[in-house]
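Nothing fancy with the numbering, it's 1 onward along the sequence.
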Amino acid sequence: MSKRITYLLILILAFTLSACVSGGQEAAPAEAQPEADGAAEESQSEADESAAEPSAFQEAPMLTAMVEAGELPPQAERLPTEPFVVGPGVLLTEEALPDWQPGEYGGTLRMAHFRPGWNPDIFVITNEPLLIAPGTSVQGIQGNIIKDFEVSADSTEFVFHMREGLKWSDGVPVTTEDVRFTYEDVLLNEQITPSFPERFRTGHSPNGEPMTLEVIDDFTFKTTFTEPYGGLLRVLTIEKWVGYTELLRPAHYLKQFHGDYTSLEELKPLLEEQDLTDEWWRVFTSMQCLNWDNTRPRCAGFPVLNPWMVVESDEPGLLEFHRNPYYFKVDTEGQQLPYIDKIISPLVGDVEMVNLTAFAGDVDFMRESAALVKVPLYKENEEKAGIRTVLLQNHFEPVVFHVNRTFEDETWRELTGDIRFLQALSLGIDRQEIIDSIYFGLAELPEVAMGEFAARDVDRANALLDEMGLTERSDDGIRIGPDGEPISVVLEHGAHGPDIAPVSELIGEHLGEIGLDIQSKAIDSSLWGQRRVANELKLTVMWTHDTGWDDDWTGFAVDRWSGPAWGTWRDSGGSEGEEPPEWAKEAYTIDAERWSVVSGSEEYKELVEAGQAWQRENLAVISLIQNDTAALVVADNLGNVPEGGTTAIAANFAGEQFYFMSE
């Protein structure tokens, strides 16, 4: 090990131990979840009692000034009848943030981005789901934009109660008309939505029956599924960074671009501007802003329910966000959130420039562009830049080895169709070297996903390959495959993260020691995506959310990684692609059962464990590490930032409670 790596290890280890003593910074399993009672209604009741209802409300001075100037109605007319109350343990668990405090108003949160119109940290901070749970878990799900909900005993019917008095950022009331419009006029309109979303199909299946919607009154609606679908709670809370726009869009604003409400003659200027004739739905699509568009400058003026809303900026490339005066959350003292007035993010050249901006003291929050390898530099610049570095869990596995078993090559299919080959690949990889050299020791062997195949065992790997009959070798020591040729494979990756290339190269070195020629090759990320979808990658390395998503180790792993041709078969209802083998279909069964039960329940957790056991048996993916560490860089005077016991991205989800501490 080089002197530089040794230095980094010592420095990071010292920092980690210091954090453990001062801030409870003990490593915990990714996506760690407390015990659940299994009943959505009881979890809802407990969550409702987690923060005391304030007796009076307050607002930011900038809003008071706008009220006095006649630019805004009084606060009482802007808040819902029952605001969402934020306090200890609500947005983050008390383990993650044991010293939550009511904040102070004012200030501008500074960030930086390198892709025009896109800052993922701001996207997550501004994203609001219909339901919410502390951190990134599914334990203790409660209402967020939705006030509360009930689930039928068989998990087929869900009744949702909206917050009376809730308003869009332009002051227009939010009602079930917004839900009805989104469901009937957007999701069921095949021109706008060619395929009804999987998340709203029974069982979260691409072939499941679409849900039905019943509007009960102005603030109550019911969704119904043909079979149990308790996983809908997860879908509306966290699954794939869902936002409220999946089911709730501003009807009053969007109807002016919808052909069922506005004539083609009225839409003619926009049609001509976009060089269209009568394709009004294309205009509609270009004018609506979904949660993924939160940071797009074109969405300035679009009605939102987020804590901050994007506004037009006079500076090229600058993303600017102002507080939403109609935001529906308050703290335990009645202060309307968010505490911080504005967010700004200038456009810089690349991810390295984002980090240099942080070193210069011009960034108050950085997670997406932060890197573990740069922790020594963050620590070195803390005092000068006025920042502090927090080590938390990652919310995903940054590197996973993927083997495509449906690649159009008979020899390859013969090899990968034998589980012993997959087992040998896993046993041949020296994960400890990857952990030590790439992740500075701040990760673990992936025993949850890989079991007995998590640790390196070259002798056992060689024995498995010999047992398959791969005993002959070329002059270079490469094993001869069933076709009489040396087993030589290109591992193509898109270099989506700074660790993917070096990990891929190490995999090649490690597997060379068991007689396999694995050549690492970086390709353009767009080309990589095209080749993956086209079933043209034999081997690759990419991240996965494992337990962060419900099915990354089961059905998703089968469809996306183990056999893209199998995924095509399932998505097409069997009309295209290839029918998967029975072991792969078992993943679909596990998924269906897990999606049917209430997210976070005891039955749910048992099915999660069943999926993990299935993965260990079938190795749908070859996991490389678990419980790896992520760096979070924040201003040293930024309050209500987690210090441990959660994932780094959970800080983003609790951004409305950030505040600048006065000196």
Give a yes or no on whether the backbone of [Y] and the side-chain of [X] come within a donor-acceptor separation of less than 3.5 Å.
| X | Y | answer |
| --- | --- | --- |
| N404 | L537 | yes |
| Q615 | A620 | yes |
| N127 | V242 | yes |
| S623 | V400 | no |
| R420 | A463 | no |

Any side-chain heavy-atom pair of [X] and [Y] under 4.5 Å:
| X | Y | result |
| --- | --- | --- |
| V621 | D552 | no |
| P398 | I625 | yes |
| W412 | L539 | yes |
| E414 | D418 | no |
| W241 | I649 | yes |
| L415 | L470 | yes |
| P206 | R201 | no |
| F200 | E246 | yes |

Going through the distances and angles, do E452 and R616 end up as a salt bridge (Lys or Arg N to Asp or Glu O under 4.0 Å)?
-> CA-CA 8 Å; E452 62 182 297; R616 290 191 292 270; over 6 Å; no

Nearest-0.5 Å distance that lies between atom [atom1] in [X] and atom [atom2] in [Y]:
| X | Y | atom1 | atom2 | result |
| --- | --- | --- | --- | --- |
| M542 | S525 | CE | OG | 9.0 Å |
| R473 | I487 | CZ | CD1 | 9.5 Å |
| I514 | L427 | CD1 | CG | 8.0 Å |
| R531 | S526 | CZ | OG | 13.5 Å |
| I419 | L464 | CD1 | CG | 10.0 Å |
| F158 | L233 | CZ | CG | 5.5 Å |

Does the side-chain contact (heavy atoms from CB on, under 4.5 Å) test come out yes or no for W569 and D559, once each step is laid out? CA-CA 9 Å; W569 177 86; D559 293 348; over 6 Å; no

Checklist line | Residue among V124, I132, L92 satisfying side-chain contact (heavy atoms from CB on, under 4.5 Å) with F653 | finding: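 The single option meeting the side-chain contact (heavy atoms from CB on, under 4.5 Å) with F653 is V124.
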
| query | Looking at T647, T136, D628, T646, which hits side-chain contact (heavy atoms from CB on, under 4.5 Å) with Q393? | reply |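 For Q393, the side-chain contact (heavy atoms from CB on, under 4.5 Å) test succeeds with only one of T647, T136, D628, T646, which is T647.
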
- prompt: Judged by modelled atom types alone, do H204 and E239 share a side-chain donor-acceptor pair under 3.5 Å?
  reply: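 Note: H204 and E239 side chains miss the donor-acceptor criterion.
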
_Can you confirm whether the side chains of N535 and E408 place a donor and an acceptor under 3.5 Å from each other?_
no

- Item | Step-by-step salt bridge (Lys or Arg N to Asp or Glu O under 4.0 Å) determination, R115 to E368 | CA-CA 12 Å; R115 293 188 180 94; E368 184 79 11; over 6 Å; no

Note to self: Working note: E352 + K374, criterion salt bridge (Lys or Arg N to Asp or Glu O under 4.0 Å); need CA distance, chi angles, decisive distance, verdict.
What the structure shows: CA-CA 10 Å; E352 292 302 321; K374 289 184 168 60; 3.0 Å; yes

